[in-house]
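Reviewing the structure listed below.
All of these numbers come straight from a predicted model, not from anything done at the bench.
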Amino acid sequence: MGSTSTTAVLFFCVALSMVVVGSAAHEKNLKFISMGALECSNVTETEAPGRKLFEAECPVKFQNNRGVNAVARSCRGVPSEKRCCGALKAFACPYSDLLNENDVNGCANDMFFEINVRGRLRPGLFSQICVEGPYGLQCTAQ
């Protein structure tokens with residue numbers, strides 16, 4: 001009798017580990033703009049107080065990027081979630097890895113500052129309307 005229960009426990013552990021590995025592999029392939037990055041849309045200054053001088057600078061210059069204007073135009077007035085967040089996805093998802101490392105490079109702060117200033121958008125707009133789940137704003141596979 002002991003071997004049957006041992007076999008059942010072993011089978012359960014193997015099955016559970018396969019589910020965990022499978023879901024972890026799925027999450028690794030998931031591209032998103034994190035909640036932390038979206039919360040940088042609350043930034044109202046060019047340099048957030050938490051950034052340190054020794055950190056790397058964002059390699060993307062959002063100041064002269066036409067995509068910033070497209071997002072700003074799409075989100076003016078009473079922003080439609082579909083139009084505004086769709087424009088943000090189209091523009092920002094290629095930079096998702098950089099944006100998600102905001103504490104290192106400040107890219108999310110820089111991008112959202114430019115979008116908010118050019119579009120005269122309210123701080124926090126993107127963290128309020130563009131969240132699609134526990135990870136933040138989901139990007140399609142690039």
Side-chain angles (χ1 to χ4, degrees), residues 3-142:
S3 66
T4 305
S5 62
T6 303
T7 304
V9 169
L10 182 60
F11 175 76
F12 177 75
C13 290
V14 169
L16 184 60
S17 65
M18 290 174 66
V19 169
V20 169
V21 168
S23 65
H26 175 68
E27 289 174 11
K28 275 188 171 181
N29 295 330
L30 196 72
K31 282 290 208 183
F32 60 92
I33 298 172
S34 71
M35 288 297 299
L38 288 174
E39 288 171 1
C40 291
S41 69
N42 294 319
V43 171
T44 57
E45 301 172 1
T46 54
E47 189 162 340
R51 279 182 75 183
K52 297 173 183 71
L53 295 175
F54 60 84
E55 292 174 340
E57 189 174 308
C58 182
V60 180
K61 301 301 176 207
F62 292 107
Q63 298 87 344
N64 301 317
N65 196 313
R66 290 190 300 188
V68 168
N69 289 330
V71 175
R73 277 192 309 276
S74 297
C75 298
R76 283 191 186 125
V78 179
S80 149
E81 183 179 322
K82 183 176 181 180
R83 185 181 75 238
C84 181
C85 300
L88 179 64
K89 274 187 186 186
F91 172 66
C93 281
Y95 306 114
S96 63
D97 291 336
L98 288 170
L99 296 172
N100 292 339
E101 294 180 348
N102 186 65
D103 56 334
V104 174
N105 58 32
C107 286
N109 283 356
D110 293 350
M111 181 188 76
F112 283 117
F113 176 80
E114 288 298 323
I115 292 171
N116 287 344
V117 167
R118 289 193 198 172
R120 295 182 187 95
L121 305 175
R122 71 177 189 271
L125 173 69
F126 299 100
S127 64
Q128 294 167 1
I129 69 169
C130 294
V131 176
E132 295 180 325
Y135 297 111
L137 181 67
Q138 188 172 345
C139 297
T140 56
Q142 300 292 321

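Atoms CG and CG, on L99 and D110 in that order, are 10.0 Å from each other to the nearest 0.5 Å. Once rounded to the nearest 0.5 Å, the distance linking NZ of K61 with CD of E114 reads 11.0 Å. Taking CD of E81 as the reference point, atom CG of L125 lies at 10.0 Å (rounded to 0.5 Å). The distance from the CD atom of E39 to the CG atom of N109 is 11.5 Å, given to the nearest 0.5 Å. In this structure, CD on E57 lies 10.0 Å from CG on N105, to the nearest 0.5 angstrom. The SG atom of C93 sits 5.5 Å away from the CG atom of L137 when rounded to the nearest 0.5 Å.
Residues F91 and N69 have side chains not in contact (no heavy-atom distance under 4.5 Å, counting atoms from C-beta outward). Looking at heavy atoms from C-beta onward, F126 lies in side-chain contact with C75 at the 4.5 angstrom threshold. Looking at Y135 and I33, their side chains never come closer than 4.5 Å, going by heavy atoms from C-beta outward.
Across all non-hydrogen atoms, the minimal contact from P59 to C107 is CD-SG, 3.9 Å. Nearest heavy-atom pair, L88 versus M111, reported as atom, atom and distance to 0.1 Å: CD1-CE, 4.1 Å. The shortest heavy-atom contact between N100 and S34 is OD1-N, 2.7 Å. N42 and S127 make their closest contact through OD1-OG, 3.9 Å (heavy atoms, listed as atom of the first residue, atom of the second, distance).
Under a 4.0 Å N-O distance rule, the pair E132/K89 qualifies as a salt bridge. Using a 4.0 Å cut-off between charged side-chain N and carboxylate O, D97 and K31 make a salt bridge.
Between Y95 and F62, the ring planes lie perpendicular to each other; the angle is over 60°, past the 30° to 60° tilted range.
Between C84 and C130, the two SG sulfurs stay at or beyond 2.5 Å from each other.
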